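Just below is one structure, and these are the notes that go with it.
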Amino acid sequence: MTQIHVRAQPGDVAEYVLLPGDPQRARHIAETYLEDAVLYTEHRQLLGFTGTYRGVRISVQTTGMGCPSAAIVTEELARLGARTLIRVGTLGGATPAVQPADLVIATAAVPNDGTTRQLLGGAPYAPAASFEVVEAAVGAARAQGWAHHVGLVMTEDAFYASTPEHARLWASRGVLGFEMEASAIFLVAAQHGLRAGCLTACSNDIGDPQLVPDGVLASGVDRMVRVALGAVAALAGR
Ligand SMILES: O=P(O)(O)O[C@H]1O[C@H](CO)[C@@H](O)[C@H]1O
Ligand SMILES: O=c1cc[nH]c(=O)[nH]1
């Protein structure tokens, strides 16, 4: 049965799914890295493609921006048979240690969002990446020779509420950067017994309206995608 938002049939979505927020990133990944990529949904611009990488069947499914949309997409992917989900996103750096286009591999996401609060009924919970996914991503980054950060991110709802002061406070608690989907993806994946991870490329400093130049960010995004695909290949035993 097709889902309400991810309009796909059972069998359309692979067990391994990469999750960009941006539909054009989904298209770029499918067209650049997957063989025989087929578009299975474009409803609401939540573009979804399935193809293969090193013989492994992989989907790339847009989440849209923010936890409400990411939670819907994660829930529907679970119903469609996905088993391992890896977000491939961008993030605002919270500390000078995270430089433009740097790769950040999340171990867990501080849940500063309303979606996980509603799903949990306010109960305390630590939305975390699956160890195997973190291990595979770190292994792929090392094998490909890319520098990377590994640690906490914060997931937020209000992009423009973040200030440099807020970033400094959370950096003092170990947060590397802010993004808007990981906590919901980690929680909903855990509720369905799925593995999940989150890789991000730094697009700006928190509170700085200046984005990393397009070319620099594009290289960071491509490095991140190659690491995510390397992680999938390792998890699939290729
Ligand atoms: O580049 P994506 O994956 O969309 O991720 C980040 O960018 C958007 C905000 O600009 C939010 O979705 C945030 O999480
Ligand atoms: O959530 C996000 C993502 C990228 N950059 C930010 O400043 N915030």
Side-chain angles (χ1 to χ4, degrees), residues 5 17-30 44-49 59-74 77 85-106 108-116 127 129 137 149 151-171 175-188 196-214 216-225 227-229:
H5 309 87
V17 186
L18 301 189
L19 297 173
D22 174 0
Q24 294 317 319
R25 191 178 315 133
R27 184 180 294 286
H28 170 71
I29 295 168
R44 290 177 178 262
Q45 287 300 308
L46 295 171
L47 303 188
F49 301 84
S59 297
V60 187
Q61 173 62 56
T62 310
T63 61
M65 286 189 283
C67 285
S69 184
I72 288 171
V73 169
T74 304
L77 288 173
L85 308 176
I86 305 182
R87 169 163 155 72
V88 281
T90 59
L91 122 160
T95 154
V98 177
Q99 287 289 302
D102 274 10
L103 172 63
V104 174
I105 299 169
V110 179
N112 193 14
D113 69 276
T115 302
T116 57
H149 308 266
L152 287 178
V153 298
M154 175 182 267
T155 301
E156 297 205 301
D157 285 339
F159 181 95
Y160 286 110
S162 295
T163 60
E165 294 69 33
H166 180 62
R168 273 198 293 278
L169 172 65
W170 282 95
V175 168
L176 297 169
F178 295 5
E179 57 79 70
M180 297 176 62
E181 292 82 18
S183 61
I185 293 169
F186 291 164
L187 172 60
V188 177
C198 170
L199 276 53
T200 53
C202 178
S203 59
N204 61 294
D205 290 333
I206 285 297
D208 182 352
Q210 193 69 36
L211 284 187
V212 170
D214 284 350
V216 176
L217 182 57
S219 329
V221 165
D222 275 312
R223 281 197 292 277
M224 166 184 70
V225 170
V227 169
L229 290 168

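As the structure is a prediction and not an experimental result, all values here were calculated from the model. Both counts, for ligands and for their atoms, begin at 1 and track the order of listing.
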query: N/O of N204 under 3.5 Å from N/O of ligand 2, yes or no?
result: yes

query: At the 4.0 Å heavy-atom cut-off, does S162 count as touching ligand 2?
result: no

- prompt: Can you find an N or O of P20 that's nearer than 3.5 Å to an N or O of ligand 1?
  reply: no

- prompt: Would you call L176 and M154 a side-chain contact if the rule is heavy atoms closer than 4.5 Å?
  reply: no

task: Considering heavy atoms of the protein only, find what lies nearest to atom 3 (C) of ligand 2 and give residue, atom and distance to 0.1 Å.
output: F178 O, 3.6 Å

- request: Would you mind reporting whether T90 and T200 have side-chain heavy atoms less than 4.5 Å apart?
  value: no

- request: List the atom of I206, the atom of S162, and the distance in Å for their closest heavy-atom pair.
  value: CG2-CB, 3.7 Å

field: Contact atoms of ligand 2, heavy-atom distance to S203 under 4.0 Å
entry: 4 (C), 5 (N)

message: Distance under 4.0 Å to a non-hydrogen atom of M65: what atoms of ligand 1 satisfy this?
response: 8 (C), 9 (C), 11 (C), 12 (O)

message: Pairs of nitrogen or oxygen atoms closer than 3.5 Å, one from G21 and one from ligand 1: do any exist?
response: yes

Minimum-distance protein heavy atom relative to atom 6 (C) of ligand 1: T90 OG1, 3.2 Å

- line: In ligand 2, the atoms that come under 4.0 Å of a heavy atom of G92 are 3 (C), 4 (C), 5 (N), 6 (C), 7 (O)

message: Show me which atoms of ligand 1 lie under 4.0 Å from any heavy atom of F159.
response: 9 (C), 10 (O)

message: Suppose we measure from atom 12 (O) of ligand 1 to each protein heavy atom; which comes out shortest, and what is that distance?
response: E181 OE2, 2.6 Å

message: Within the 4.0 Å heavy-atom shell around R25, which atoms of ligand 1 are there?
response: 1 (O), 2 (P), 3 (O)

message: Using side-chain heavy atoms (C-beta onward) and a distance below 4.5 Å, is P20 in contact with V60?
response: yes

- request: Check the pair Q99 / H149 against side-chain hydrogen bond (donor to acceptor under 3.5 Å, both in side chains), numbers first and verdict last.
  value: CA-CA 10 Å; Q99 287 289 302; H149 308 266; over 6 Å; no

task: Report yes if E179 has an N/O atom closer than 3.5 Å to an N/O atom of ligand 1; otherwise report no.
output: no

message: I'd like to check which ligand 2 atoms, numbered from 1 as shown, lie under 4.0 Å from a non-hydrogen atom of M180.
response: 1 (O)

- prompt: Taking N or O atoms only and a 3.5 Å limit, does F159 qualify as a polar contact for ligand 2?
  reply: no

query: Does the side chain of C198 come within less than 4.5 Å of V88's, by heavy atoms?
result: no

message: Can you confirm whether the side chains of S219 and D222 place a donor and an acceptor under 3.5 Å from each other?
response: no

message: I need the atoms of ligand 1 closer than 4.0 Å to a non-hydrogen atom of R87, numbered in the order shown.
response: 2 (P), 3 (O), 5 (O), 6 (C), 13 (C), 14 (O)

- prompt: Got I86 and L199 here, is their nearest side-chain heavy-atom distance under 4.5 Å?
  reply: yes

- request: Let me see the working for T155 and E179 under side-chain hydrogen bond (donor to acceptor under 3.5 Å, both in side chains), right down to the final yes or no.
  value: CA-CA 5 Å; T155 301; E179 57 79 70; 2.6 Å; yes

- prompt: Is any side-chain heavy atom of L19 less than 4.5 Å from a side-chain heavy atom of L77?
  reply: yes

